[in-house]
Each structure stands twice: as C-alpha cells, then as structure tokens.
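Residues: numbered from 1 along the sequence shown. These values consider heavy atoms only, across backbone and side chains, with no hydrogens, waters or symmetry-generated copies.
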Amino acid sequence: MPPQTDLLPPSSSAPPPVKHNGDSAVPRIVPVRRTGRWTAAVAVLVLLALALSSVIRNEAFEWDVVVSYFATASVLRGLWLTLWLTAVVMVLGFALGALLAVLRLSGNPVLQAVSWGYVWLFRSTPILVQLLFWFNIGALYPQILGVNTVTLMGPVTIAVIGLTLHEAAYAAEVVRGGILSVERGQIEAAQSLGLGPWRRFRRIVLPQAMRSIVPPAGNMLIGTLKGTSIVSIIAVQDLLYSVQLVYHRTYQVIPLLLVATIWYALVTSLLSIGQRYVERYYARGTAGAR
C-alpha cells in the first residue's frame, strides 16, 4: 500500500510564503525629479525679490511722503466717504436688483420685459456716461414736481443715484441666477408640505440660493469699492479725489497715488477675508465647504 500523501490544499488561513531579498528582486521606488518646477520657482522668487528691491530702494517713490500723508485728516475723510458710498450703493443696488429679479421671474410678460429692458440699458452704457448724464440732468428737467433739480441733486446725490442704478442691473442678474440654481424639486417638496410662498422663499429658496449669490456679490462689493473712484470726475471728495487735491498743490503725484493704492488694497483685503467666511457659512453641509 503506497504511503499516504497530503492531497488537501493548504489552509487559506496559513500565511503566504515569505520572499527573501535573495529569492526575488524587489523594485526600488525612485521619486520623480521635478527639476523644471523647482527651477521655475527659483526664477520667480528671484524676479520678485528684484522687483521688491527696486520698489523699496527707488527714491522716486518717496516713501517718507507716503507715510506722512497716509493718515492725514483729508485722506481719512475721503476714505470714509468711499466706504459710506460703497455701503449705500450696495444696499440700495441689491434691493432694487432683487426686485428686478423677481419681476424677471414672474409670469407677467410686461414685468419681464421691463426688467429685461432695464438690465439691458444699464449694462450697455459705461458708468462714466451714466454719471455725466445724471450730472447734467438739470438741462433736461430743470424742475421735477416743482423741485429745482440743480440745487437738489448735488455731486454726492448724483453719485449715489448713478452708481445704484448701475449696480442694480448687475445685482438683478446675480440674484436671478441664485434663485434659478435652486432645484425645482425642493420648491415642489415645500409646496407639498403646505408652506406658503413667503415661507418657501425664506426657508427653502433663499438659504440655497445664497450659496450661488454670495461669491459674485462679494466680487461686486470689491468692484464697487474700487469703482467709486470714478465719482472724482464729478468732484465728489472720495479717497482718490482727496489725494488729487493734495498732489495738485504739492506736485507729489506718485507718493499720493501710492497712499490711495495702499488704502484700497487694505480695504479690499479685509472685504475678501469677510467674503470667505460668509461663503463658508452658507456652504455648510456641502462638499465645497472648507
């Protein structure tokens, strides 16, 4: 009788055989050499260092003059007017823009046409042309409802009206896009639960629409802050006009323009940080929240 041999397969629980280095060649992992990437990074850093050194060491910038005028009373008054004008224009512009967006989304063809025509008109003409038109409105309508428009509409009032009407055209499209980004199924589900139109808008539509509204609205806010500098053309004493008054007297153009540039950069940086936190707030629970 032949000797019995173990014909059963090895147990699956048994450990696999160990391969020693002498038995088989183990491939060596070699990191990818990114020579081009590091060369480009070094070249960019060198160019940035040269540019920064040129700005700091160039006496034509007159940094001592920049420091001396940076926080003067006239500059701070111009900065305050710029911030006030930006806030007023954004609030009024988005209020009017939201109304235009609702008219555009309504089922009334007349209201839709009026909203579309408004947006088309104010987006088709440059803001400078609009401001100059409102500045000369007294030539067309010397009196409105018995009120003298020449004395009633000063430069600041004209700036608020012109910028607000211009801003509303863009805000209308931002709000309309945000509302359209909400899925129709969400609204239908709210309707099936018996929620009224106002509660549907406040509890369902608006929180989801804000995720699409906030990023472009933040960009519009920063753009409006910088765009207010155009009101200097109608003698509104904003930040740019304030530094212009100084360098027209002292002929120190470059350092005074640097004062305005640095203030604009500081304020826009703060607004960008605030925009990021607002975006994170409305993006809670989504994959893009971070």
### Task
Could you walk me through whether V88 and V91 pass the side chain to side chain contact (heavy atoms under 4.5 Å, CB included) test, one step at a time?
CA-CA 5 Å; V88 171; V91 171; over 6 Å; no
### Step-by-step ring pair (Phe, Tyr, Trp, His ring centres under 6.0 Å) determination, F122 to Y118
CA-CA 6 Å; F122 283 92; Y118 179 97; 4.5 Å; yes
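Proximity of a side-chain donor or acceptor of T250 to a complementary backbone N or O of V246 within less than 3.5 Å is detected. Not one N or O on the side chain of W80 forms a donor-acceptor pair closer than 3.5 Å with the backbone of V75. With hydrogens and angles ignored, the 3.5 Å screen pairs no side-chain donor or acceptor of S115 with any backbone N or O of L111. Side-chain N or O atoms of S232 include one that pairs as donor or acceptor with a backbone N or O of S229 at under 3.5 Å. For W63 (side chain) and N58 (main-chain N/O), no donor-acceptor pair under 3.5 Å exists by modelled atom type.
Taken to the nearest 0.5 Å, the CD1 atom of I233 stands 6.0 Å off from the CG atom of L128. The CG atom of L85 sits 6.0 Å away from atom OG1 of T228, with the distance rounded to the nearest 0.5 Å. How far CG of L79 is from CZ of F70: 8.5 Å, rounded to the nearest 0.5 Å. Summarising the geometry, atom CG belonging to L258 is positioned 11.5 Å from atom CD belonging to Q252; distances are rounded to the nearest 0.5 Å. Atom CG of L132 sits about 8.0 Å away from atom CD1 of I234, to the nearest 0.5 Å. If you take CD1 on I179 and CZ on R104, they are separated by 12.0 Å, rounding to the nearest 0.5 Å.
A salt bridge between E173 and R176 is present, with a side-chain N of the basic residue lying under 4.0 Å from a carboxylate O of the acidic one.
Counting all heavy atoms, side chain and backbone alike, A168 lies closest to L100 at O-CD1, 4.1 Å. Nearest heavy atoms, D238 versus Y264: OD2-OH, 3.9 Å. In this structure, Y241 and V236 approach most closely via the heavy-atom pair CB-O, 3.2 Å. For the pair Q237 and L81, the tightest heavy-atom approach, listed with the atom from each and the gap, is O-CD2, 3.2 Å. The heavy-atom pair separating V66 from P255 by the smallest distance is CG2-O, 3.5 Å. In plain terms, the two heavy atoms of A71 and L76 that are nearest each other are O-CD1, 3.6 Å.
Residues forming a side-chain hydrogen bond (donor to acceptor under 3.5 Å, both in side chains) with Q112 (at least two apart in sequence, or on another chain): none.
In the hydrophobic cluster analysis, where Ile, Leu, Val, Met, Phe, Trp and Tyr join through side-chain heavy atoms closer than 4.5 angstrom, V156 is grouped together with L165. No path of Ile, Leu, Val, Met, Phe, Trp and Tyr side chains, each step under 4.5 Å between heavy atoms, connects Y247 with V67, placing them in separate hydrophobic clusters. Both I230 and F133 are part of a single hydrophobic cluster, where members link through side-chain heavy atoms under 4.5 Å apart. Residues I158 and I137 are members of one and the same hydrophobic cluster, defined by side-chain heavy-atom contacts under 4.5 angstrom among Ile, Leu, Val, Met, Phe, Trp and Tyr. Hydrophobic cluster membership is shared by Y69 and L266, with clusters built from Ile, Leu, Val, Met, Phe, Trp and Tyr side chains linked at under 4.5 angstrom.
Side-chain contact between M220 and F94 is present, with heavy atoms from C-beta onward closer than 4.5 Å. Looking only at side-chain heavy atoms (C-beta outward), E167 and T224 come within less than 4.5 Å of each other. A heavy-atom distance below 4.5 Å is not found between the side chains of Q244 and L257. The side-chain heavy atoms of S68 and V65, taken from C-beta on, include a pair separated by under 4.5 Å. No side-chain heavy atom of L271 sits less than 4.5 Å from a side-chain heavy atom of Q275. In this structure the side chain of L96 never reaches within 4.5 angstrom of the side chain of L92, judged on heavy atoms. Between W84 and V160 there is a side-chain heavy-atom pair separated by less than 4.5 Å. You'll find the side chain of R211 reaches within 4.5 Å of the side chain of Q208, heavy atoms only.
Connectivity analysis of hydrophobic side chains (ILVMFWY, heavy atoms under 4.5 Å, direct or indirect) links L50 to V42, V46.
There is a side-chain donor-acceptor pair under 3.5 Å between Q130 and T125.
Ring centroid separation for the pair Y277 and Y281 does not come in under the 6.0 Å cut-off.
For the side chain to side chain contact (heavy atoms under 4.5 Å, CB included) with V267, the qualifying choice from L225, T82, I222 is L225, the only one to do so.
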